[in-house]
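Data first, discussion second: the structure below is written as structure tokens.
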Number of protein chains: 2
Amino acid sequence: MACDILLPGRILYFFPTGHKVISMPHTATKVGRPRQFDEAAVLGAAMEQFWAHGFHATSLTDLTTVTGLHKGSLYGAFGDKHALLLATLRHYSKVRRAKVDDDLASHESPLESIGVYLKRMAREASAQSHGRGCFISNTALEMLPGDPQVAAIVTEHRHAIQNALAGTLDRARAIGELKNTHSSSELARFIYTVSAGMWERGRSSSDEEQLLNTAELALSTL
Amino acid sequence: MACDILLPGRILYFFPTGHKVISMPHTATKVGRPRQFDEAAVLGAAMEQFWAHGFHATSLTDLTTVTGLHKGSLYGAFGDKHALLLATLRHYSKVRRAKVDDDLASHESPLESIGVYLKRMAREASAQSHGRGCFISNTALEMLPGDPQVAAIVTEHRHAIQNALAGTLDRARAIGELKNTHSSSELARFIYTVSAGMWERGRSSSDEEQLLNTAELALSTL
DNA sequence: CGACTTTTGTTCCATTCGGTCAAAAATTCG
DNA sequence: CGAATTTTTGACCGAATGGAACAAAAGTCG
């Protein structure tokens with residue numbers, strides 16, 4: 001069983017056996033024509049598109065429009081449409097987790113930090129801001145079940161968020177801020193669930209105040 | 001401004017003004033070839049398809065496969081793909097609301113009834129059962145913002161559920177079952193939010209027990 | 001400089017898409 | 001029966017799709 005690395009890359013040669021030689025872009029050597037675009041910017045633009053319209057409703061033409069790249073470049077750099085989706089998901093997850101960590105360390109008081117997190121979720125969920133909820137959450141709803149690669153990213157992201165929340169809850173419990181006696185992991189799942197629910201509500205309701213209200217209600221139960 | 005009813009129906013005649021004469025199927029007269037399919041069954045099959053794969057990932061060919069009808073029949077009976085989606089959404093909403101009402105009247109104790117509701121949401125959200133969550137909620141995430149007709153159905157459905165919950169909470173408060181002092185409508189929105197969040201979790205996690213745990217946690221805060 | 005390597009921009013292609021149409025079939029009404 | 005009406009059927013349409021191929025361009029390296 002030879003190497004069957006799929007993407008991204010350009011097919012250089014087909015063995016008679018059916019196996020392929022693929023050039024991996026952006027590796028080691030500096031020889032060859034250099035990239036003329038900012039990879040992060042392109043990834044961001046593609047993400048915005050997928051985020052706003054979903055995977056199936058986004059065409060390659062849409063992607064070339066928002067990224068400014070042509071099909072060939074997109075294909076060569078990231079692989080096919082689905083591989084590009086995975087890349088944007090990983091990109092989002094990284095950025096997102098950093099932001100969550102920021103929120104959860106924003107105050108001396110762990111519980112107050114969780115409040116910051118929840119309120120930001122509510123505000124971002126509202127249609128008044130952009131009303132698109134969480135990119136990963138949306139993609140999960142569109143692609144799952146049925147897409148193992150997306151599933152892996154989604155599951156890992158969710159666990160990362162829940163672990164960050166659980167850790168913060170542990171700190172709160174340690175200093176006696178927590179009145180709720182449920183385990184930190186249970187409470188973390190609960191908080192994540194409320195966030196996800198607010199994202200859904202934000203899709204069809206632009207009432208930010210009601211979402212913030214729900215966030216505070218959830219916070220008050222801890 | 002003449003009648004501009006759009007669908008479903010077959011265009012019989014175009015006025016020179018641009019207006020159309022449309023025959024409304026399944027009305028009054030009994031003349032003509034009778035339907036050879038069960039409308040409700042077809043609606044159900046189409047709903048299953050949309051529910052499992054979403055709107056954009058479902059092709060007309062998929063729909064003809066699962067319903068057994070040909071394109072022409074589908075078009076004649078329900079209109080185009082989008083109109084069929086709306087029909088399945090309305091169908092689902094009707095069935096769903098009846099089931100919710102059942103849950104909320106299942107016990108003498110209003111609070112216990114809400115527990116029944118929440119636990120069923122958790123169980124249905126889990127991938128162990130079907131893991132597809134709520135059809136309307138999924139469609140909202142895929143189509144909104146940007147689809148006013150879907151938005152109207154989603155909003156109405158959500159309000160109906162929230163009103164049913166709020167009414168049940170009122171009854172609970174009246175007999176002193178409620179310890180939480182927040183308003184019934186706030187608590188109803190909270191419960192709905194937790195449900196929606198569990199649906200999202202169920203997409204990538206099959207752990208029914210953890211979902212039930214969250215349901216009970218939410219219930220205990222009332 | 002000239003061989004080599006990678007990106008870029010364009011073109012092409014087979015397939016699939018949602019939707020339309022006209023004729024055949026099935027029924028009621030006169 | 002025959003006219004009228006509706007549904008069914010299957011062929012058909014133009015447009016758009018995702019992806020592949022390829023020559024030109026733009027660099028590096030010996």
Side-chain angles (χ1 to χ4, degrees), chain A residues 6-14 18 20-39 41-42 46 49-50 53-86, chain B residues 6-14 20-39 41-42 46 49-50 53-87 143 147:
Chain A
L6 288 181
L7 293 166
R10 172 156 304 178
I11 298 169
L12 296 179
Y13 177 71
F14 269 96
K20 313 162 187 174
V21 173
I22 296 179
S23 78
M24 300 303 285
H26 236 223
T27 42
T29 63
K30 289 175 206 164
V31 60
R33 183 173 176 173
R35 285 268 164 81
Q36 292 188 316
F37 61 88
D38 176 7
E39 194 163 331
V42 165
Q49 178 67 31
F50 281 136
H53 299 99
F55 178 73
H56 290 105
T58 293
S59 69
L60 272 191
T61 308
D62 292 332
L63 291 170
T64 59
T65 301
V66 299
T67 60
L69 299 190
H70 290 251
K71 286 185 179 184
S73 301
L74 263 184
Y75 194 88
F78 301 100
D80 63 15
K81 190 182 159 193
H82 187 260
L84 180 56
L85 174 73
L86 297 180
Chain B
L6 288 181
L7 293 163
R10 173 158 302 179
I11 297 169
L12 296 179
Y13 176 71
F14 269 94
K20 312 163 188 173
V21 173
I22 295 180
S23 78
M24 299 304 286
H26 236 220
T27 42
T29 63
K30 288 174 207 167
V31 60
R33 182 172 176 173
R35 285 268 164 83
Q36 292 188 316
F37 61 88
D38 177 5
E39 194 162 331
V42 165
Q49 178 67 32
F50 282 136
H53 299 99
F55 177 73
H56 290 104
T58 293
S59 69
L60 272 191
T61 308
D62 291 334
L63 291 169
T64 59
T65 302
V66 299
T67 60
L69 299 191
H70 290 248
K71 288 184 179 183
S73 299
L74 265 184
Y75 194 90
F78 300 101
D80 63 15
K81 192 184 160 193
H82 188 259
L84 179 55
L85 174 73
L86 297 180
M143 308 295 283
D147 189 323

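Proteins get letters first, then strands, A, B, ... in listed order; numbering begins at 1 in each. Values reported hereafter were calculated over all heavy atoms of this structure, with side chains retained and with hydrogens, waters and symmetry mates removed. Keep in mind that what you see is a predicted model, and the values were worked out from it rather than measured.
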Inset, instruction - With sequence neighbours excluded, tell me which residues meet side-chain contact (heavy atoms from CB on, under 4.5 Å) with B:His70. - result: none

Inset, instruction - Would you mind telling me which of D:dT8, D:dT9, C:dG19 lies closest to the side-chain atoms of B:His70? - result: D:dT9

Inset, instruction - List for me each residue that meets side-chain hydrogen bond (donor to acceptor under 3.5 Å, both in side chains) alongside B:Thr61, sequence neighbours excluded, and say none if there are none. - result: none

Inset, instruction - Kindly write out the residues that satisfy side-chain hydrogen bond (donor to acceptor under 3.5 Å, both in side chains) with B:Thr65, not counting sequence neighbours, or none if the list is empty. - result: none

Inset, instruction - For C:dT16, take OP1 and OP2 only and decide whether either is under 4.0 Å from a side-chain N or O of B:Ser59. - result: no

Nearest 0.5 angstrom please: [X] [atom1] to [Y] [atom2], how far?
{"X": "A:Leu85", "Y": "A:Asp80", "atom1": "CG", "atom2": "CG", "answer": "10.0 Å"}
{"X": "B:His53", "Y": "B:Ser59", "atom1": "NE2", "atom2": "OG", "answer": "10.5 Å"}
{"X": "B:Leu69", "Y": "B:Leu60", "atom1": "CG", "atom2": "CG", "answer": "12.0 Å"}
{"X": "B:Lys81", "Y": "B:Tyr75", "atom1": "NZ", "atom2": "OH", "answer": "14.0 Å"}
{"X": "B:Leu86", "Y": "B:Phe78", "atom1": "CG", "atom2": "CZ", "answer": "12.5 Å"}
{"X": "B:Thr67", "Y": "B:Leu74", "atom1": "OG1", "atom2": "CG", "answer": "4.5 Å"}

Legend entry - Strand contacts (DNA chain D) in residues 61-68 of chain B, 4.0 angstrom heavy-atom criterion: none

In whole angstrom, give the distance that lies between atom [atom1] of [X] and atom [atom2] of [N].
{"X": "B:Arg35", "N": "C:dT28", "atom1": "CZ", "atom2": "P", "value": "16 Å"}
{"X": "A:Lys71", "N": "D:dG18", "atom1": "NZ", "atom2": "P", "value": "8 Å"}
{"X": "A:Leu74", "N": "D:dT17", "atom1": "CG", "atom2": "C1'", "value": "15 Å"}
{"X": "B:Lys81", "N": "C:dG19", "atom1": "NZ", "atom2": "P", "value": "8 Å"}
{"X": "B:Phe55", "N": "C:dC17", "atom1": "CZ", "atom2": "P", "value": "13 Å"}
{"X": "B:Tyr75", "N": "C:dC21", "atom1": "OH", "atom2": "P", "value": "9 Å"}
{"X": "A:Phe50", "N": "D:dG18", "atom1": "CZ", "atom2": "C1'", "value": "12 Å"}
{"X": "A:Phe78", "N": "C:dT7", "atom1": "CZ", "atom2": "C1'", "value": "13 Å"}

Inset, instruction - Kindly give the heavy-atom pair with the smallest separation between A:Ala57 and A:Asp62, and that separation in Å. - result: O-OD2, 3.7 Å

Inset, instruction - Flag the pair A:Phe55 / A:His82 as yes when at least one side-chain heavy-atom distance between them is below 4.5 Å, and no otherwise. - result: yes

Protein-nucleotides 25-27 of chain C N/O pairs closer than 3.5 Å?
{"residue": "C:dA25", "atom": "N3", "partner": "B:Arg33", "partner atom": "NH1", "Å": "3.3"}
{"residue": "C:dA26", "atom": "O4'", "partner": "B:Arg33", "partner atom": "NE", "Å": "3.3"}

Inset, instruction - Could you tell me, to 10°, how much the axis swings from one end of the helix from C:dC1-D:dG30 to C:dG30-D:dC1 to the other, five pairs per end? - result: 0°

